[in-house]
Number of protein chains: 2
Amino acid sequence: MPGTPREPRSGRPTLRDVAEKAEVSAMTASRVLRDDPRVLPATRDRVRAAAAALGYRPNELARRLRLGRGTGLVGLVVTNLANPFYSRLALGLDSVLGADGLKTVIGNTGQDPEAERELVADLVGRRVDGIVAVPAGDDQCHLAAAAADGVPVVLASRPPRGFAADCVLVDDYGGARDATARLLARGHRRIGFLGSPPAVYTGTERLRGYRAALSAASLCPDARHIRQGQTQPHEAERAAAELLALPDPPTALFCSNNRNTIGAFRAVRAARADVALAGFDDFELADALGLPLTLVTYDSDELGRAAGRLLLDRIRERGTADTAGTADTADTADTADTAGTADTAGADARRVVLATELVEYGG
Amino acid sequence: MPGTPREPRSGRPTLRDVAEKAEVSAMTASRVLRDDPRVLPATRDRVRAAAAALGYRPNELARRLRLGRGTGLVGLVVTNLANPFYSRLALGLDSVLGADGLKTVIGNTGQDPEAERELVADLVGRRVDGIVAVPAGDDQCHLAAAAADGVPVVLASRPPRGFAADCVLVDDYGGARDATARLLARGHRRIGFLGSPPAVYTGTERLRGYRAALSAASLCPDARHIRQGQTQPHEAERAAAELLALPDPPTALFCSNNRNTIGAFRAVRAARADVALAGFDDFELADALGLPLTLVTYDSDELGRAAGRLLLDRIRERGTADTAGTADTADTADTADTAGTADTAGADARRVVLATELVEYGG
DNA sequence: CTGTTAGCGCGTTCAT
DNA sequence: ATGAACGCGCTAACAG
């Protein structure tokens with residue numbers, strides 16, 4: 001005979017084990033454990049006892065496979081979980097998903113685009129019910145592919161490029177503009193900029209905001225005062241130090257994220273320079289640095305929660321829509337071949353933008 | 001007829017779809033996609049083309065179910081992912097697991113013991129291949145149950161209570177003792193203690209270390225100078241302020257974690273008091289606070305990596321051991337009833353302890 | 001109320 | 001080199 005018939009399976013007790021022990025069929029056991037009412041109380045108790053004795057836990061995977069309702073898993077794709085920004089995102093996301101019985105699978109790419117591709121492919125293979133991603137580079141083909149495969153995708157902090165997907169953004173432009181404007185209002189005229197690599201969406205948006213504020217004040221930003229490309233505080237510190245060493249150094253700095261703000265702070269303090277500091281992102285102890293600091297803040301947990309809500313909507317949408325095709329009982333057989341084109345029906349992509357707020361520290 | 005025979009299934013293309021399109025049997029398609037060599041190159045190409053055209057992705061879940069080799073998922077149970085301590089743990093863990101093709105499922109309990117129970121049960125139901133946990137309270141029954149169910153469990157930062165499991169710890173006692181000893185060496189005699197609730201293992205171990213240092217200097221710690229129970233910086237700040245307001249206040253404070261250190265720092269600065277500060281856990285900007293600070297540091301990523309390695313060992317162990325029972329072809333049927341007792345065979349529980357180091361900031 | 005049949009998507013075993 | 005049957009663990013549909 002092909003399969004080994006009734007070998008004492010290695011691992012955990014199965015539904016049939018429970019059924020045999022309770023001397024009922026697997027079906028009855030299944031009903032009991034699913035709290036199906038139409039079961040004789042006596043039988044129910046026997047089954048429950050058997051299950052308890054065996055330490056039976058239903059195999060959620062097999063069940064989901066049978067039900068075809070998805071895995072109850074959502075993939076989270078980020079570059080660096082150690083960054084508080086991402087860990088808060090993860091937390092906010094998980095809190096919303098968890099309330100709906102979904103679990104979050106983390107995928108840390110460490111800035112590697114190739115790792116990101118593989119990760120997304122792996123998640124799709126695992127049949128996650130959805131993906132929340134903060135893509136590292138500007139190539140989002142893998143996400144587009146996943147979306148085309150019918151996996152709901154939500155982007156956080158960056159908009160989709162080249163395909164349709166929901167996203168939740170921060171008001172990068174407005175926040176940066178307002179913070180820069182505040183420096184201008186204090187009389188600063190030479191304001192430097194420290195930011196992430198140009199490929200990073202948030203960084204360039206914030207640069208746009210910075211430029212807009214300068215333009216509004218009829219100022220032309222000095223190209224030598226703009227430094228992009230710093231990812232870590234020590235890189236930012238070095239870049240800031242170089243700006244401060246210029247013949248006519250800036251009297252204020254705007255930093256496009258907390259890594260750059262912290263680096264700039266160190267440089268300014270080391271140089272004992274009288275330079276005003278402003279930056280995007282709040283961070284712990286920002287108020288304790290002994291330097292005046294203007295920060296653009298926002299609710300970073302809400303970023304994750306909003307992403308979670310968008311995703312949940314799409315997941316539910318997919319669950320109910322099902323076979324709501326246009327033509328009914330179509331028998332034109334040759335159309336079957338052209339299947340496989342994106343199934344991104346539903347409503348158009350939504351975009352949530354989180355407001356920012358300016359706070360002043362130190363002084 | 002029962003099951004709807006050949007309805008155009010809703011979701012994604014399946015192996016059979018590929019097979020039909022390539023005009024081969026499902027088996028052949030399966031072989032091609034698994035790179036089985038014994039297949040005619042021509043057939044192989046047809047199948048590959050069909051798969052590509054359909055955008056086919058093998059269902060990893062169904063595959064794993066069939067193979068019975070587990071899900072490739074590992075559960076991580078922590079109280080607060082927003083705390084850098086836990087996010088680094090997650091990162092270190094995921095880096096080790098990812099190299100072996102395993103994915104990490106996060107479970108954030110938010111200090112709620114009940115949530116922790118449910119979470120662990122859910123993870124077991126999902127058939128994770130293992131669990132890494134930092135239990136919140138001292139009741140670890142749920143973890144013990146999981147372990148008894150045959151799921152490898154590794155504890156991080158706290159030892160198992162009431163059952164056998166691998167764990168990776170930090171040298172809480174030694175680190176706290178050394179830091180306190182350094183304060184003593186500087187001439188301090190009244191040293192306060194700020195720490196987490198008594199139920200937290202690390203907190204009480206660090207308290208033990210603090211006490212040991214005092215004893216070694218023939219000092220008896222003043223009970224009024226010991227404050228446990230602070231979880232957040234603002235609670236710690238308040239507690240520290242109360243210590244500083246005492247008739248004969250401590251001239252130095254030892255804090256059992258970074259939440260307490262940060263709170264204490266704020267209190268000391270607010271009071272402009274000349275109080276020396278020491279604490280467990282490093283944190284960003286600790287060097288920039290303008291106050292001398294002695295910190296007990298350790299490699300918090302390594303905590304996660306070590307946990308990952310321990311877990312991987314156990315998972316592999318379980319994979320190979322399989323049916324290595326003692327008796328062969330045993331037919332003594334009545335022993336089947338007593339199944340369900342812990343299967344925690346393998347080697348005895350291992351315990352990894354991470355070394356700590358003292359660093360001095362500020363000054 | 002309970003048992004039988006069938007199949008989710010896949011891979012192993014045996015046959016051709 | 002390819003295909004048929006069977007089962008992983010579980011449940012919806014139909015009997016009885």
Side-chain angles (χ1 to χ4, degrees), chain A residues 1-20 22-47 51 54 56-72 124-127 322, chain B residues 1-20 22-47 51 54 56-72 124-127 322:
Chain A
M1 273 163 266
T4 330
R6 224 154 272 143
E7 211 177 311
R9 282 166 317 299
S10 49
R12 318 225 357 202
T14 158
L15 185 61
R16 275 227 315 250
D17 297 336
V18 176
E20 281 175 16
E23 295 175 306
V24 294
S25 83
M27 203 54 246
T28 305
S30 172
R31 285 200 258 263
V32 171
L33 296 157
R34 299 239 307 125
D35 285 320
D36 190 318
R38 30 178 211 177
V39 131
L40 212 61
T43 322
R44 165 177 17 223
D45 292 346
R46 279 219 318 283
V47 173
L54 262 44
Y56 171 77
R57 306 282 316 163
N59 186 329
E60 209 47 48
L61 261 66
R63 148 192 277 267
R64 304 243 192 201
L65 174 60
R66 182 62 179 83
L67 295 182
R69 281 196 228 131
T71 54
V124 173
R126 282 190 148 88
R127 294 297 189 273
D322 222 354
Chain B
M1 272 161 268
T4 330
R6 224 154 272 144
E7 210 178 313
R9 280 164 319 298
S10 50
R12 318 228 356 205
T14 156
L15 186 60
R16 273 225 318 245
D17 297 335
V18 176
E20 281 173 18
E23 294 174 307
V24 294
S25 84
M27 257 12 331
T28 307
S30 172
R31 286 199 257 262
V32 171
L33 296 157
R34 297 244 307 127
D35 287 318
D36 191 315
R38 29 179 212 176
V39 90
L40 214 58
T43 323
R44 163 175 21 219
D45 293 345
R46 280 218 319 286
V47 173
L54 263 43
Y56 171 77
R57 305 281 317 162
N59 187 328
E60 208 48 48
L61 258 66
R63 149 191 277 267
R64 304 241 191 203
L65 174 59
R66 179 62 178 87
L67 295 181
R69 281 197 226 130
T71 56
V124 173
R126 283 190 146 88
R127 295 297 189 274
D322 221 355

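Numbers restart at 1 for each chain; the letters A, B, ... are given by sequence-line order, proteins then strands.
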Handout entry: Short side-chain N/O contact from A:T28 to OP1 or OP2 of C:dG3, under 4.0 Å
Key = yes
Practice task
Please work out if B:L65 contacts a base, only the sugar-phosphate, or nothing of the nucleic acid, heavy-atom cut-off 4.0 Å.
Solution key: base
Exercise for the section: Please tell me which of B:L67 and B:R44 maps to the more 5' nucleotide of DNA chain D, matching each residue to the nucleotide holding its nearest heavy atom. Expected result: B:R44
Handout entry: C:dG3 base / A:R31 side chain donor-acceptor hit below 3.5 Å
Key = yes
Exercise for the section: Ignoring backbone atoms, test whether B:R63 places a side-chain nitrogen or oxygen under 4.0 Å from the OP1 or OP2 oxygen of C:dG11. Expected result: yes
Practice task
Look at all strands and tell whether A:L61 reaches a base, only sugar-phosphate, or nothing, counting heavy atoms closer than 4.0 Å.
Solution key: nothing
Problem - Under 4.0 angstrom between B:T14 side-chain N/O and C:dC8 OP1 or OP2 - result: no
Handout entry: Whether B:R126 side chain and A:G72 backbone form a donor-acceptor pair below 3.5 Å
Key = yes
Exercise for the section: Scan A:L40 against the nucleic acid and name what it touches under 4.0 Å (heavy atoms): base, sugar-phosphate only, or nothing. Expected result: sugar-phosphate
Problem - Shortest side-chain distance from A:R66, nucleotide among D:dG9, C:dC1, C:dG11 - result: D:dG9
Practice task
Kindly say if A:T43 contacts the phosphate of C:dT2, meaning a side-chain N or O under 4.0 Å from OP1 or OP2.
Solution key: yes
Problem - A:R34 side chain near D:dA12 phosphate (N/O to OP1/OP2, under 4.0 Å) - result: yes
Problem - Side chain of A:N59 - closest among C:dG3, D:dG9, D:dA5 - result: D:dG9
